[in-house]
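All of these numbers come straight from a predicted model, not from anything done at the bench.
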Amino acid sequence: MVASIVLTILSGVTIFVIGQFILKLILDPIVAFKTALGELSAFFLREQAKITNATATEEIQLEIQRLTSSILSHRHTIPFYRFFAFFLRLPYNKRLIEGCHALNSISYHVNQNIPYTGKNNRYHEIREKMGIISTNLKVRVNYEKL
């Protein structure tokens, strides 16, 4: 009888510890990563006119850079990222890097005070990079096709 009670208690504690381990090590980082992607989408939708017209302030530039680094840092906290990316439809590593590279490019191009030397015009470059971000990071960056 006593052995049965002790076994039940130990089983309960073990299940609780394993549940907390999974929650803190796997689920919380995934939620934080998805939250960072959501913040990126909300930011682009809110500041769309300033970004696409290349009339952004330095604060907008810095916010794009902060969001980029946040997304990359949250990705590195997820163990077995490839496995979870496949099952949870998260962006794959290569696409994530390409999307963040496009974000960095946009943060540079949105300020008209910085000279532009690209072959296309600045606005076309920004729209092209926004398409890359939308496709690779699987986030909405404009109001098209709602």
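With hydrogens and angles disregarded, no donor-acceptor distance shorter than 3.5 Å links the side chain of Ser70 to the backbone of Ala36. For Ser11 (side chain) and Leu7 (main-chain N/O), a donor-acceptor pair under 3.5 Å exists by modelled atom type. Under a 3.5 Å cut-off, the side chain of Ser107 and the backbone N or O of Asn104 do form a donor-acceptor pair.
To the nearest 0.5 Å, atoms OG1 (Thr14) and CD1 (Ile9) are separated by 11.5 Å. Remark: His109 NE2 to Glu125 CD distance equals 4.5 Å, nearest 0.5 Å. Here the straight-line distance linking atom CE of Met130 with atom CD1 of Ile51 works out to 6.0 Å at 0.5 Å rounding. Interatomic distance, Leu96 CG to Lys138 NZ, rounded to the nearest 0.5 Å: 10.5 Å. Rounding to the nearest 0.5 Å gives a distance of 11.5 Å between CD1 of Ile133 and CG of Leu37.
Ile64 is not listed as a side-chain neighbour of Tyr108, based on a closest heavy-atom distance of 4.5 Å or more. The shortest distance between side-chain heavy atoms of Leu103 and Leu137 falls below 4.5 Å.
Residues meeting the side-chain hydrogen bond (donor to acceptor under 3.5 Å, both in side chains) test with Arg46, sequence neighbours left out: none. For Arg95, there are no salt bridge (charged side-chain N to carboxylate O under 4.0 Å, His left out) partners at least two apart in sequence or on another chain. Residues passing the salt bridge (charged side-chain N to carboxylate O under 4.0 Å, His left out) test with Glu63, sequence neighbours excluded: Arg66. Shown here are the side-chain hydrogen bond (donor to acceptor under 3.5 Å, both in side chains) partners of Ser41, two or more places apart in sequence or in another chain: there are none. Under the rule for a salt bridge (charged side-chain N to carboxylate O under 4.0 Å, His left out), the partners of Lys24 that lie at least two apart in sequence or sit in another chain are Asp28. Applying the side chain to side chain contact (heavy atoms under 4.5 Å, CB included) test to Thr35 and every residue at least two apart in sequence or in another chain returns Val31, Glu39.
Judged as a side chain to side chain donor-acceptor pair (under 3.5 Å), the pairs with a partner in residues 84-93 (not counting sequence neighbours) are, in order, Arg75-Asn93. Counting only residues at least two apart or in different chains, side chain to side chain donor-acceptor pair (under 3.5 Å) contacts with residues 52-61 comprise Thr57-Glu59, Gln61-Asn111. Every pair tested for salt bridge (charged side-chain N to carboxylate O under 4.0 Å, His left out) that includes a residue from residues 1-11 fails, sequence neighbours excluded, so the list is empty. Sorted pairs that involve residues 98-109 and meet salt bridge (charged side-chain N to carboxylate O under 4.0 Å, His left out), not counting sequence neighbours, are lacking altogether.
For the residue pair Ala102 and Lys129, the shortest heavy atom distance occurs at CB-O, 3.8 Å. Nearest heavy-atom pair, Ser4 versus Thr8, reported as atom, atom and distance to 0.1 Å: O-OG1, 2.8 Å.
Taking Ile, Leu, Val, Met, Phe, Trp and Tyr as hydrophobic and joining them when side-chain heavy atoms fall under 4.5 Å apart, one finds Val6 in a cluster with Val2, Leu10.
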**Prompt:** Checking side-chain contact (heavy atoms from CB on, under 4.5 Å) for the pair Phe44/Ile106: CA distance, chi angles, key distance, verdict?
**Reply:** CA-CA 11 Å; Phe44 264 84; Ile106 285 178; 4.1 Å; yes
**Request:** Could you walk me through whether Ile71 and Leu40 pass the side-chain contact (heavy atoms from CB on, under 4.5 Å) test, one step at a time?
**Result:** CA-CA 9 Å; Ile71 288 168; Leu40 174 69; 3.7 Å; yes
**Prompt:** Hey, mind stepping through Phe33 and Leu88 against side-chain contact (heavy atoms from CB on, under 4.5 Å) and telling me if it holds?
**Reply:** CA-CA 12 Å; Phe33 178 72; Leu88 299 176; over 6 Å; no
**Asked** Hey, mind stepping through Arg140 and Leu45 against side-chain contact (heavy atoms from CB on, under 4.5 Å) and telling me if it holds?
**Response** CA-CA 8 Å; Arg140 181 174 302 282; Leu45 293 174; 4.3 Å; yes
List, one per line, each side-chain donor-acceptor pair under 3.5 Å for residues 76-86, sequence neighbours excluded.
{"residue": "Thr77", "atom": "OG1", "partner": "His74", "partner atom": "O", "Å": "2.7"}
{"residue": "Tyr81", "atom": "OH", "partner": "Pro91", "partner atom": "O", "Å": "2.5"}

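Transitive grouping of hydrophobic side chains (ILVMFWY, heavy atoms separated by less than 4.5 Å) brings Ile30 and Leu25 into a common cluster. In terms of hydrophobic clustering, with Ile, Leu, Val, Met, Phe, Trp and Tyr side chains grouped at heavy-atom distances under 4.5 Å, Leu90 and Phe87 are assigned to a common cluster. A continuous path of hydrophobic side-chain contacts links Val141 to Leu72 [ILVMFWY only; heavy atoms under 4.5 Å].
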